[in-house]
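Worksheet: one structure, shown below.
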Amino acid sequence: MGGLALFLIIDLVFLPWYSVDAFGVTFSLSATNAPYAIWGVLALLADFAVLVDLGLERFSAVELPLIGGSRGTTRAALAGATLGFMAIKFVLETSSLGIGCWLGLLAAIALVVLCAREATP
């Protein structure tokens, strides 16, 4: 789970979500860039919260608020929010999609599945 969450941070910030060729030059934009940058930033924040939640559970005795009574449910909700924000960004701008978009969506789906499996008793 932590590896997927970390990969999603890299994907959202650095990998090309949009690629445009103009006059032989390729321009690439990440998910946190325009168009609709707010959805990429919100996905990044939700994913970062998953990573922080995992870290605090493993390496700290800090008690955090729970959603649905368990850490797994909390992480599943945060992962679902990450996927939701990424899906909104994807739907709003579907032209010139780059490899980062497809890899990010697959990783977000995998993260939701893993978190949901952890959340179910």
Side-chain angles (χ1 to χ4, degrees):
M1 252 187 288
L4 276 173
L6 186 60
F7 173 76
L8 274 173
I9 289 173
I10 293 167
D11 176 78
L12 291 167
V13 176
F14 298 110
L15 293 182
W17 265 55
Y18 303 103
S19 296
V20 178
D21 291 326
F23 307 108
V25 178
T26 302
F27 298 97
S28 298
L29 299 171
S30 70
T32 55
N33 293 93
Y36 306 106
I38 187 66
W39 300 111
V41 171
L42 289 173
L44 180 67
L45 292 173
D47 183 54
F48 186 70
V50 171
L51 202 57
V52 167
D53 185 67
L54 275 169
L56 287 176
E57 181 185 49
R58 304 290 195 272
F59 304 114
S60 176
V62 174
E63 290 292 324
L64 296 175
L66 302 173
I67 297 173
S70 75
R71 296 267 36 102
T73 306
T74 301
R75 280 192 288 276
L78 291 169
T82 300
L83 178 59
F85 294 138
M86 290 172 70
I88 291 170
K89 183 167 179 71
F90 172 77
V91 169
L92 290 175
E93 183 61 50
T94 58
S95 63
S96 305
L97 294 174
I99 190 72
C101 175
W102 302 112
L103 291 176
L105 288 172
L106 288 174
I109 291 168
L111 183 63
V112 168
V113 169
L114 284 176
C115 289
R117 289 180 71 190
E118 181 190 29
T120 55

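Only this structure's heavy atoms are used, side chains among them; waters, hydrogens and symmetry mates stay out.
- For Trp17 and Tyr36, the distance between ring centers is not under 6.0 angstrom.
- At a threshold of 4.5 Å between side-chain heavy atoms, the hydrophobic network of Ile, Leu, Val, Met, Phe, Trp and Tyr places Ile10 and Leu42 in two separate groups.
- Annotation: side chain of Val25 is in contact with side chain of Phe27 (closest heavy-atom distance under 4.5 Å).
- The shortest non-hydrogen separation linking Met1 to Cys115 is SD-SG, 3.4 Å.
- At a threshold of 4.5 Å between side-chain heavy atoms, the hydrophobic network of Ile, Leu, Val, Met, Phe, Trp and Tyr places Val91 and Leu29 in one connected group.
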TODO: Give the intermediate values and the outcome of side chain to side chain contact (heavy atoms under 4.5 Å, CB included) for residues Phe85 and Leu45.
DONE: CA-CA 10 Å; Phe85 294 138; Leu45 292 173; over 6 Å; no

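- Scanning all heavy atoms of the two residues, the minimum distance from Val50 to Ala5 falls at CG1-CB, 4.3 Å.
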- [ ] Show the numbers, then the answer: is there a side chain to side chain contact (heavy atoms under 4.5 Å, CB included) between Ser30 and Val13?
- [x] CA-CA 6 Å; Ser30 70; Val13 176; 5.6 Å; no

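- Shortest non-hydrogen contact noted between Thr32 and Ala37 is O-CB, 3.5 Å.
- Taking 4.5 Å as the limit, every side-chain heavy atom of Ile9 sits out of range of all side-chain heavy atoms of Phe14.
- Under a hydrophobic clustering in which Ile, Leu, Val, Met, Phe, Trp and Tyr are joined whenever their side-chain heavy atoms come within less than 4.5 Å, directly or via other members, Leu8 and Leu54 fall into the same cluster.
- Asp47 has its side chain within reach of Leu111: a pair of non-hydrogen atoms, C-beta onward, lies under 4.5 Å apart.
- Note on Leu103: it does not cluster hydrophobically with Ile109, by side-chain heavy-atom contacts below 4.5 Å among ILVMFWY residues.
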Task: Test salt bridge (charged side-chain N to carboxylate O under 4.0 Å, His left out) applied to Arg71 and Glu118, step by step - done: CA-CA 9 Å; Arg71 296 267 36 102; Glu118 181 190 29; over 6 Å; no

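- Residues meeting the side-chain hydrogen bond (donor to acceptor under 3.5 Å, both in side chains) test with Thr120, sequence neighbours left out: none.
- Environment of CZ in Phe90: crowded, with over 12 heavy atoms of neighbouring residues, nucleotides or ligands closer than 6.0 Å.
- A continuous path of ILVMFWY side-chain contacts below 4.5 Å connects Leu92 to Ile38, so both sit in one hydrophobic cluster.
- Just one residue in the list Cys101, Pro35, Ser28 forms a side-chain contact (heavy atoms from CB on, under 4.5 Å) with Tyr18, and that residue is Pro35.
- In terms of heavy atoms, Ala87 sits closest to Leu105 at N-CD2, 4.4 Å.
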Task: side chain to side chain contact (heavy atoms under 4.5 Å, CB included) assessment of Leu15 paired with Phe7 - done: CA-CA 10 Å; Leu15 293 182; Phe7 173 76; 4.1 Å; yes

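- The two residues Thr73 and Ala119 have their closest heavy-atom pair at N-CB, 3.6 Å.
- At a threshold of 4.5 Å between non-hydrogen side-chain atoms, the residues Leu64 and Leu56 count as touching.
- In this structure, the side chains of Phe48 and Val52 come closer than 4.5 Å at one or more pairs of heavy atoms.
- Leu83 contributes atom CG, which lies 13.0 Å from atom CG of Leu78 (distance to the nearest 0.5 angstrom).
- Side-chain N or O atoms of Ser70 include none that pairs as donor or acceptor with a backbone N or O of Leu66 at under 3.5 Å.
- Residues Gly104 and Asp11 come closest through the heavy atom pair CA-OD2, 3.2 Å.
- Between Pro16 and Ile99 the shortest side-chain heavy-atom distance falls below 4.5 Å.
- With contacts defined as side-chain heavy-atom distances shorter than 4.5 Å, the pair Leu12/Met86 qualifies.
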